[in-house]
Amino acid sequence: MTVIAEKPKAASRIAQALGQATLCRIGGIPVYYVRFNGQLLVIVSSAGHMFGPTTAVEGLPVTELKWEPLWSFERRSKHLRPYYEVLAKTLPGALTYISACDYDLEGSTICYKIIEAFGDLKRARRAKFSSLTAGELRRAFMNLGPLDVNNAMAGVARAELDWLWGINFSRLLMRAYRMTVGKRLSLSAGRVQTPTLAEAVRRWMGRNSYVPVPSLSLSAELEVDGVKFRARPDGWEPKTRAEAQAIVRDVKERGYMVTASYKSEEESIRPPPPFNLTDLQEEAARIYGLSPYRTQEIAEDLYLSALISYPRTESQRLPSDLDYKGVLTALARQREFSALVSDLLRETGGVLRPVEGPKRDPAHPAIYPTGETPREPLDKYHRAIYELIVRRFMAVFARPLVIARAEATLRDSAGRPWRASGQRVIRRGWTHYYPYVSLEEAQLPQLRIGQRADLVSASVRVVWPASGVRLSRLALLEWMESNDLGTKGTRARIIETLLRRGFLETKGRRAEVTELGYAVYKTLAAAAPELVSVELTRDFERKLELIVDGKLSRDAVVSEAKQYVSDLVRKYSQQIDVIGRRLAELAGAVRPARTCPICGRPASGELCELHELALKELNEKLDMIAERLGLSRSEALRAVANRRSTGVWARETAQYLLRKLK
DNA sequence: GCAAGGTC
Ligand SMILES: [Zn+2]
């Protein structure tokens, strides 16, 4: 019997779980031999996908795809060759093949394609397990099921659909560009990257056309028994600057406010769950400013050095059979953790019950440290990520953080409510182990109803709110995750692809859409609206589900897609000069007939589409701004043009209008 | 040369 595992680490875990394993290396690749249930098992390992769709056909549309070894046509997969050779050598002639990849569609496809190439699908079985724990693995190998062909077919369909849409529309873009500009440029489109680019464009447009409407922020400083605290309007806001100034005068004249309500309570905040990859990427960005992709690379390094468990996971649960205490004791051998470990063991009395989050993963638990000590010193960021993971692991066992919160309502002479709040840490709990949280304290004395608070000062400030539109690699990653787009392993990588193509660029943590990115988005939104929307993914998912349930064949789904994509591509190939012209104009490679007087982009009305958008925002908000601040429209325009929180295009448009007024 | 999905 020959067992095929998805990756070397899994092969090793399977071998150890099933019995006394003998390790043999063929060309450096591990192969295990183990006797289990009266049979000799040979356990070999893949390293993810060994095969993928490709074509020898150039041009457009292209529907003739074949599955070939990845090492043979993909430069970055050259390292897969030794794995491939070992599979090719060890599989032929076995009596039974056991598909033992992760139990998900991709895993099923990996094994299916390997057995199809080197073994015999008719003699294949499936081991189903959702974690690499000894008990679960033994149970899976005692209860082998039939080969899950439908799952594999769904995985094959996923790959082929992605290939058909991605390759065809990438080629369409490149051809259109080449025909108009006369130069070659690597452009791309795909089910995941294109909706992500579209979201970046939406955010970019929202941020740059943003026109802030100022709010009048009132604040009163009060004092009771020598303790000063701050109160702000509770659920109301002055509508104009004049009204706000009148309220300040009024409040100052009376010199005190009267307590209408007071309550205080203790709030207990449980530790955050153990890390999955996205949570780790979020925290590494927040604390160290690392990009999601960099964090992922570092986590993979730490995994390969056996310092942490498998990082490409969505799970927020630790494995139930993990020896928590053993890991902690091992971590205590590292000097910087020893005091923390003894604190934790003392505070829990050795009863280690981890917090869990709601997210699950079909194949892997949350990320945890293995307890091994780094063999050589880690560099700065490897160290930082490792420590983050260790500390998060400790925190999940610790006691809750306890905060005392107090809240009071006070009334001014006109009976308007003002709110004051205070908070104080009573017990640090898990933040002792995971101190990357800011615990702001604010004082509020205990107040009785009817009690007076003396006024120290009162003021009004004009606040121009920021757009609140987040556009960064992390924000895009979070958007992808919340829309179920891409996987934990590919999201960060696909964002890097958008950068590499020059569709996005970064300035520090912020991301921007480039002119090329905008041009590609506009072209695709016109030529293939399906590809720009997350609905294409939802449509794929529905079809894959039907394949899994045996209600639809892979061939039917793929044939339909071939027809659809090639019809669409043929239709647009006929007007490729129009598409190419528009793409090139927007990308700034060709001069348009009419240009925007502000920026030189192609004009869609008087201005380009982007400055038109900003103009519309200005028109919608200018009257309200003028009224709030008691200004004329042109004064309001000048105010907007000079605010930092105003979006770039809105500022430019406001200045343009001011120049025209003169 | 183009996708997205595994993993070294
Ligand atoms: Zn413009």
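Here is how names work: the chains are called A, B, and so on, in the same order as the sequence lines, proteins then strands, and each is numbered from 1. Any value given below was found using the heavy atoms of this structure, including those in side chains, with hydrogens, waters and symmetry copies removed.
When every heavy atom of A:L105 is checked against every heavy atom of A:V548, the shortest pair comes out as CD2-CG2, 3.9 Å. The nearest pair of heavy atoms linking A:R126 to A:G107 is NH2-C, 4.2 Å.
As a whole-Å value, the separation of A:L60 CG from B:dA3 C1' is 15 Å. For A:W71 and B:dG6, the CH2 to P distance is 23 Å, given to the nearest whole Å. The interatomic distance linking A:L485 (CG) with B:dA4 (P) rounds to 9 Å, in whole Å. Nucleotide B:dG6 holds its P atom 21 Å from the NZ atom of A:K78, rounded to whole Å. Rounded to an integer number of Å, the gap from A:K113 NZ to B:dT7 C1' is 19 Å. Atom pair A:R500:CZ and B:dC2:C1' shows a separation of 11 Å (rounding to whole Å applied).
Each of A:H49 and A:G52 lies near DNA chain B, and the nucleotide nearest A:G52 is the one positioned closer to the 5' end.
Proximity of residues 541-568 of chain A to DNA chain B (heavy atom under 4.0 angstrom from any strand atom) is not detected for any residue. Against DNA chain B, the stretch residues 305-312 of chain A makes heavy-atom approaches under 4.0 Å through A:Y310, A:R312. Of the residues in residues 290-304 of chain A, those with a non-hydrogen atom less than 4.0 angstrom from any atom of DNA chain B are A:Y303. Contacts of residues 158-193 of chain A with DNA chain B (heavy atom under 4.0 Å): A:R158, A:A159, A:D162, A:W163, A:G166, A:I167, A:S170, A:R171, A:M174, A:S186, A:S188, A:A189, A:G190, A:R191, A:V192, A:Q193.
Residues in residues 164-178 of chain A take part in no side chain to side chain donor-acceptor pair (under 3.5 Å) pair, two or more places apart or across chains.
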Atom pairs and distances, donor-acceptor, side-chain atoms in residues 62-74 of chain A, under 3.5 Å, two or more places apart:
{"from": "A:W67", "atom 1": "NE1", "to": "A:E160", "atom 2": "OE2", "distance (Å)": "2.7"}
{"from": "A:S72", "atom 1": "OG", "to": "A:P69", "atom 2": "O", "distance (Å)": "2.6"}
{"from": "A:E74", "atom 1": "OE1", "to": "A:S77", "atom 2": "OG", "distance (Å)": "2.6"}

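Under the rule for a side-chain hydrogen bond (donor to acceptor under 3.5 Å, both in side chains), the partners of A:R501 that lie at least two apart in sequence or sit in another chain are A:S188. Scanning for side-chain hydrogen bond (donor to acceptor under 3.5 Å, both in side chains) contacts around A:R158 gives A:E106, A:D162, with sequence neighbours left out. By the ring-ring contact (aromatic ring centres under 6.0 Å, His included) test, A:F503 pairs with no residue at all, sequence neighbours left out. Applying the side-chain hydrogen bond (donor to acceptor under 3.5 Å, both in side chains) rule to A:R538 yields the partners A:E541; only residues at least two apart in sequence or on another chain are considered. Scored by the side-chain hydrogen bond (donor to acceptor under 3.5 Å, both in side chains) test, A:E6 finds no partners at all (sequence neighbours excluded). For A:W204, the ring-ring contact (aromatic ring centres under 6.0 Å, His included) criterion is met by A:Y518, A:W649, not counting sequence neighbours.
Across all strands, A:L80 comes closer than 4.0 Å to base atoms (heavy-atom distances).
With hydrogens and angles left out, the side chain of A:R81 and the base of B:dT7 share no donor-acceptor pair within 3.5 Å. The base of B:dA4 does not come close enough to the side chain of A:E496 for any donor and acceptor atom to sit less than 3.5 Å apart.
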* Asked: What's the verdict on side chain to side chain donor-acceptor pair (under 3.5 Å) for A:Q16 and A:S12, showing C-alpha distance, side-chain angles and the deciding distance?
  -> CA-CA 6 Å; A:Q16 282 163 28; A:S12 151; 3.3 Å; yes
* Show the numbers, then the answer: is there a salt bridge (charged side-chain N to carboxylate O under 4.0 Å, His left out) between A:R312 and A:E300? => CA-CA 8 Å; A:R312 289 182 291 263; A:E300 280 160 1; 2.5 Å; yes
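In this structure, A:F36 and A:F141 have perpendicular ring planes: the angle between them is above 60°, well past the 30° mark.
You'll find that the side chain of A:H364 is closest to B:dT7, out of B:dT7, B:dG6, B:dA4.
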